[in-house]
Each structure stands twice: as C-alpha cells, then as structure tokens.
Chemist: 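Please read through the structure below; I'll follow up with questions.
For the single chain, residues carry numbers from 1 onward in sequence order.
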Amino acid sequence: MQILNAWERLLAGFGSDKNAEGKNDKKRAWSEKEFSLPIEDQLSSGGMMSMLFSAAYQACRDNFPRDSWVRTLMHACVLMVSGYGQHPSVVEELRLIYNSEQIGPIGYALTAKLLQQLGHPVWTAFARRGLQAMSVDDFRKDWKPLVMKNSKIKDRISSVFEQFQTCSDDDIRLSVSIFPEELKNLMEAAAYKLKQTESGRLYETLDPILANFWETIFKEQVRKLLNELLDSQK
C-alpha cells in the first residue's frame, strides 16, 4: 500500500489538464484532413476492435502533436480493423510513419509488432528498419517530440515533472523498489538528478538520463524483440 501511495503522489500531475475543453459531440465526424471516414462508419463496420482502436486514436488525437507517428499509426489501425485495410490512406500513412524523422527504434518495434498482429504485410519492413536505427540519436526521435513540441502530452509530462520535484526521498525509494536491481539503481539515480533540475530544463536533464537507459538496458531489449519478430517469419 505504501508503494501504491508513493506512485500516486509521483504521477499526480499526469491526470491534470490546465486547459481542459468541453466534451466533444459523440456524433461528430473527424475532419477529412485528419480522417477520411466518419466515426459512425468505423464503429458499425469493425465491432469491438474498431471501438477500442477508435478510442485509442481519439486519445492520441487529443494529446499528441498532429504529426506524431503514434497518432498516425492509431489512425491507420482504425481503418484496418474497420475493414478498410486496403484504403489508400492506410498505405500513405504507413509510408509517412516509415519515412518520418520523428520515429526511432522503439517506434519501429511497436509499429512492427502491432502491424504483425493485425496481419498487415509491411510489418517486416518496419522491423528491419528498426534494426538499422539503434543509435542514441535514433532513440531521441522516439521521445524528444513528446517534451519539445507543444501538445497536451508535453503539458502532462511537465505537470508530472513539477509534481515529482515535490516528492520526498522516501517516496522515490519506495517507487523504484518494485524494479529489478539494475534498473532500480538507474531509476533512483535518475530520480534524484531530476529533483535537482531547474524549471524549464526538462529536455536537457532527460537527455543524458534516457541516453544512459538506452545504452545500458533498452537497446538490447528492443534489438531482441525485433530479431524475434523477424525470426518468427522464417
């Protein structure tokens, strides 16, 4: 219970929305520039999976930058699970994601895994592309837009950061205690460094921390996932 309370205090800022808008009309269709099919067509043709992906897309649309690969991927997935997998916009959007300057190895891995599960043949291209993009600079593409571009996700991350800086050392120790030893030590050291960060310098502080995480832990895990995906095709 103490650990749960500590995590609640650490993440208290994530649910806040300083510029909350009114609820959207449920019958509203997405703009043709954003989505070529109205929401009613998606829900009627795709059942539960379509509803789940539509909800995921709506969350991405509300929180991520307009040109985010996450938002574009969810958009394409709604079409695929709604029976419009051959729609020209799916091909175009997957091409945009593949060639985007705002997607890195984690993005390629997640996209490949999701497209494989949905049965779209281009998942192998994303998996191979991910194996070619394993540098720290490539990894920055996965997270840098989330803290640099104006969006609700940036505001929420900033709110968590501000709340985090008020947490006690005991809360930090309790929160990281659930992780394996190697990761726990890294996270605890990173947490104390973040607490000392000046307001408005989130990117400068996160950059060396996440670069260290990438090189010591995440890189080989992502490489393993991508290789396992491609091996499953043989």
Side-chain angles (χ1 to χ4, degrees), residues 1-23 52 55-56 58-65 68-71 74 102-107 109-110 113 134-225:
M1 182 61 71
Q2 287 181 314
I3 293 175
L4 288 175
N5 289 338
W7 273 101
E8 285 182 2
R9 287 189 287 272
L10 285 173
L11 299 177
F14 201 75
S16 64
D17 190 350
K18 298 177 181 178
N19 299 306
E21 299 175 319
K23 294 182 180 179
L52 290 173
Q58 187 67 54
C60 291
R61 179 177 179 272
D62 289 344
N63 290 284
F64 286 82
S68 167
W69 66 266
V70 180
R71 179 170 163 171
M74 286 300 101
Q102 297 185 40
I103 184 171
I106 291 179
L110 292 176
K113 182 67 175 178
M134 300 293 287
S135 71
V136 170
D137 284 339
D138 290 319
F139 173 59
R140 286 189 180 98
K141 297 176 183 178
D142 279 321
W143 67 269
K144 184 176 178 180
L146 301 183
V147 298
M148 297 294 286
K149 286 199 163 191
N150 290 329
S151 64
K152 284 188 179 180
I153 193 69
K154 177 188 174 183
D155 294 340
R156 293 180 190 280
I157 290 172
S158 296
S159 294
V160 170
F161 176 63
E162 291 171 4
Q163 180 69 29
F164 173 80
Q165 289 191 308
T166 68
C167 289
S168 68
D169 291 351
D170 285 341
D171 278 345
I172 292 174
R173 282 192 291 271
L174 281 170
S175 300
V176 302
S177 66
I178 64 175
F179 296 101
E181 194 67 22
E182 181 185 8
L183 183 57
K184 181 182 78 172
N185 293 337
L186 278 173
M187 292 189 70
E188 189 168 1
Y192 289 129
K193 187 171 183 179
L194 283 171
K195 278 197 71 174
Q196 299 168 6
T197 298
E198 297 177 13
S199 178
R201 296 182 61 84
L202 182 57
Y203 170 73
E204 291 87 342
T205 304
L206 281 176
D207 188 51
I209 292 173
L210 292 180
N212 186 31
F213 273 56
W214 175 249
E215 292 291 354
T216 57
I217 296 178
F218 299 148
K219 184 175 184 176
E220 290 311 312
Q221 291 181 351
V222 173
R223 193 194 307 276
K224 180 181 178 182
L225 171 61

Chemist: Measuring from atom OG of S159 to atom NZ of K154, what distance do you get when rounded to the nearest 0.5 angstrom?
Modeler: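 Separation between the atoms: 11.5 Å.
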
Chemist: Has the side chain of D142 got a donor or acceptor atom that lies under 3.5 Å from a matching backbone atom of G104?
Modeler: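 Indeed, once roles are kept as given, a pair shorter than 3.5 Å links the two residues.
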
Chemist: Suppose we screen for side-chain contact (heavy atoms from CB on, under 4.5 Å). Which residues come up paired with K219, at least two apart in sequence or across chains?
Modeler: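 Per chain and number, K219 pairs via side-chain contact (heavy atoms from CB on, under 4.5 Å) with M134, W214, E215, R223.
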
Chemist: Are S135 and D138 close enough that a side-chain donor and a side-chain acceptor fall under 3.5 Å?
Modeler: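 S135 vs D138: donor-acceptor pair found between side chains.
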
Chemist: Could you walk me through whether D207 and R140 pass the side chain to side chain contact (heavy atoms under 4.5 Å, CB included) test, one step at a time?
Modeler: CA-CA 8 Å; D207 188 51; R140 286 189 180 98; 2.6 Å; yes

Chemist: Show the nearest heavy-atom pair for residues R156 and N63, with the distance to one decimal.
Modeler: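 Scanning both residues completely, I find the closest heavy atoms to be NE-OD1, 2.9 Å.
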
Chemist: Check the pair Q102 / K149 against side chain to side chain contact (heavy atoms under 4.5 Å, CB included), numbers first and verdict last.
Modeler: CA-CA 11 Å; Q102 297 185 40; K149 286 199 163 191; 3.1 Å; yes

Chemist: Kindly compute the distance separating CE (M148) from CG (L206), expressed to the nearest 0.5 Å.
Modeler: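 One finds 11.0 Å between CE of M148 and CG of L206.
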
Chemist: Could you tell me which residues satisfy ring-ring contact (aromatic ring centres under 6.0 Å, His included) with F213, sequence neighbours excluded, listed by chain and number?
Modeler: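 F213 satisfies ring-ring contact (aromatic ring centres under 6.0 Å, His included) with F218 once adjacent residues are dropped.
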
Chemist: Could you tell me whether N150 atom CG has more than 12 heavy atoms of other residues or ligands within 6.0 Å of it?
Modeler: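 Not buried by this count: 12 neighbours or fewer within 6.0 Å.
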
Chemist: Between atom CD1 of I157 and atom OG of S151, what is the distance when rounded to the nearest 0.5 Å?
Modeler: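 Separation between the atoms: 7.5 Å.
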
Chemist: List the residues meeting ring-ring contact (aromatic ring centres under 6.0 Å, His included) with W69, not counting sequence neighbours, and say none if there are none.
Modeler: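 ring-ring contact (aromatic ring centres under 6.0 Å, His included) list for W69, sorted by chain: empty.
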
Chemist: Please report the interatomic distance CD1(I106) to CD(Q221), rounded to the nearest 0.5 Å.
Modeler: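 Interatomic distance, I106 CD1 to Q221 CD, rounded to 0.5 Å: 9.5 Å.
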
Chemist: Output yes when R173 and D170 qualify as a salt bridge under the 4.0 Å nitrogen-oxygen rule, no when they do not.
Modeler: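 Salt bridge: yes.
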
Chemist: Apply side chain to side chain contact (heavy atoms under 4.5 Å, CB included) to residues F64 and L146 and explain how you reach the verdict.
Modeler: CA-CA 8 Å; F64 286 82; L146 301 183; 3.6 Å; yes

Chemist: Looking at CG of L225 and CG of L110, how far apart are the two atoms once the value is rounded to the nearest 0.5 Å?
Modeler: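 Between L225 CG and L110 CG, I get 7.5 Å after rounding to 0.5 Å.
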
